[in-house]
Amino acid sequence: MNDRVAIRVERLSKEFTFGGQRVQALREVSFSVETGTMVSVVGPSGSGKTTLVNVLGGLDSPTAGEVWVEGRPIHVLREADLTEFRRRRVGFVFQAYNLIPGFSALENVGLPLEFDGTPRRRREERARECLELVGLPPSRHRHTAARLSGGEQQRVAVARALANDPAFILADEPTGNLDSANSDIIVNLLASLAREQGKTVVMVTHDRSLAARAERVFEMVDGRIL
Ligand SMILES: Nc1ncnc2c1ncn2[C@@H]1O[C@H](COP(=O)(O)OP(=O)(O)OP(=O)(O)O)[C@@H](O)[C@H]1O
Ligand SMILES: [Mg+2]
């Protein structure tokens, strides 16, 4: 395989069964993404965008098809190896943030580093750097997540995704709660991480003009990429 290829997806399908109903969230999707590229994913609500990023990052397993990341077959990894892969290689920005409400902004961002034994001071230093990158004012760094506004929480969620310096950033609507100035900060940041640091970024967004900032735009409709 070409080692410029960061992500390769072959006939990827995901079906959910819930309350006796079956939903085909992804229908035989195939594509590849080169290392150091930012792609955006757009499409109507329910078209499969979150499902796609979750499967790419090993948070959810496909029903059929293959996901290769850096030449590794993610679709066949066992849970322990998937956890390791996510921890070392992937930064997630969740659509619903998934912050720990009682933890401060600094503690939330530093949390991924706690798992690999980074000392407390270094964690805090790195968390502060990441919060600066996303434009969260220092006066907010010690506030608990529960006391931050929606947009502030969203920026903390982006900062947390950067903490372990991941090769892959999977960002699900990272600007959904931000005004246009702060959306620009985040999208510029993601684009520069791809361009200058060779990170591979997948960004889901409803905003067409932000989507257009990526090198490629994937249009999803009903579980397919057009
Ligand atoms: N855990 C689940 N169980 C059952 N159905 C699910 C589950 N997760 C997603 N789905 C269904 O799969 C389809 C795709 O959902 P997905 O969350 O990927 O959409 P989306 O494009 O991210 O939408 P949005 O823009 O609203 O975030 C939807 O029909 C959804 O109801
Ligand atoms: Mg979604």
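Just follow the structure's listing: the first ligand is 1, and inside any ligand the first atom is 1.
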Inset, instruction - Indicate if the distance from the Mg ion (ligand 2) to the nearest N, O or S atom of Thr50 falls below 2.8 Å. - result: yes

Inset, instruction - Give the numbers and elements of all ligand 1 atoms closer than 4.0 Å to a heavy atom of Pro44. - result: 21 (O)

Legend entry - atom 17 (O) of ligand 1 - nearest protein heavy atom and its distance: Thr50 CB, 3.6 Å

Inset, instruction - Report the distance from atom CG of Leu148 to atom CZ of Arg140, rounding to the nearest 0.5 Å. - result: 7.5 Å

Legend entry - Name of the residue among Val93, Val202, Leu52 meeting side-chain contact (heavy atoms from CB on, under 4.5 Å) with Leu170: Val202

Inset, instruction - Check step by step if side chain to side chain contact (heavy atoms under 4.5 Å, CB included) holds for Asp165 and Gln197. - result: CA-CA 10 Å; Asp165 197 25; Gln197 295 186 29; 4.1 Å; yes

Inset, instruction - Could you tell me whether the side chains of Ser13 and Glu28 share a donor-acceptor contact shorter than 3.5 Å? - result: no

Inset, instruction - Report yes if Phe16 has an N/O atom closer than 3.5 Å to an N/O atom of ligand 1; otherwise report no. - result: no

Inset, instruction - Of the side chain and backbone of Thr51, name the one, both, or neither that has a heavy atom under 4.0 Å from an atom of ligand 1. - result: both

Legend entry - Under 2.8 Å: N/O/S of Ser45 next to the Mg ion (ligand 2): no

Legend entry - Nearest protein heavy atom under 4.0 Å from atom 31 (O) of ligand 1, yes or no: no

Legend entry - Distance flag for atom 9 (C) of ligand 1, protein heavy atom under 4.0 Å: yes

Inset, instruction - Scan side-chain atoms only and decide if Ser209 and Asp207 contain a donor-acceptor pair under the 3.5 Å cut-off. - result: yes

Legend entry - Minimum-distance protein heavy atom relative to atom 26 (O) of ligand 1: Ser45 OG, 2.5 Å

Legend entry - Pair Asn164-Arg88, side-chain donor/acceptor within less than 3.5 Å: no

Legend entry - Proximity flag Gly43 to ligand 1, non-hydrogen atoms under 4.0 Å: no

Inset, instruction - Quick one: do Thr50 and Gln95 satisfy side chain to side chain donor-acceptor pair (under 3.5 Å)? Show the steps, please. - result: CA-CA 8 Å; Thr50 295; Gln95 190 166 15; 2.9 Å; yes

Legend entry - Gly46-ligand 1 polar pair, N/O distance under 3.5 Å: yes

Inset, instruction - Quick one: look at Glu173 and ligand 1, take heavy-atom pairs under 4.0 Å, and tell me if it's side chain, backbone, both or neither. - result: neither

Legend entry - Protein residue, atom and distance nearest to atom 29 (O) of ligand 1, heavy-atom basis: Val23 CG1, 3.5 Å

Legend entry - atom 12 (O) of ligand 1 [closest protein heavy-atom partner, distance rounded to 0.1 Å]: Ala25 CB, 3.5 Å

Inset, instruction - Identify which one of Thr51, Asn54, Asp60 satisfies the side chain to side chain donor-acceptor pair (under 3.5 Å) criterion when paired with Lys14. - result: Asp60

Inset, instruction - For atom 21 (O) of ligand 1, grab the closest protein heavy atom and report residue, atom and distance to one decimal in Å. - result: Lys49 NZ, 2.8 Å

Legend entry - Check against side chain to side chain contact (heavy atoms under 4.5 Å, CB included), Arg89 and Val69: CA-CA 10 Å; Arg89 307 302 292 163; Val69 177; over 6 Å; no

Inset, instruction - May I ask you to decide whether Glu107 forms a salt bridge with Arg128, counting only side-chain N to carboxylate O separations under 4.0 Å? - result: no

Legend entry - ligand 1 atoms in contact with His206 (distance to a heavy atom under 4.0 Å): 25 (O)

Legend entry - Contact partition for Gln95 relative to ligand 1, non-hydrogen atoms under 4.0 Å: side chain

Inset, instruction - Compute the ring centroids of Phe92 and Phe94, then answer whether they are less than 6.0 Å apart. - result: yes

Legend entry - Gly48 neighbourhood, listing ligand 1 atoms whose heavy-atom distance to it stays under 4.0 Å: 14 (C), 18 (O), 19 (O), 20 (P), 21 (O)

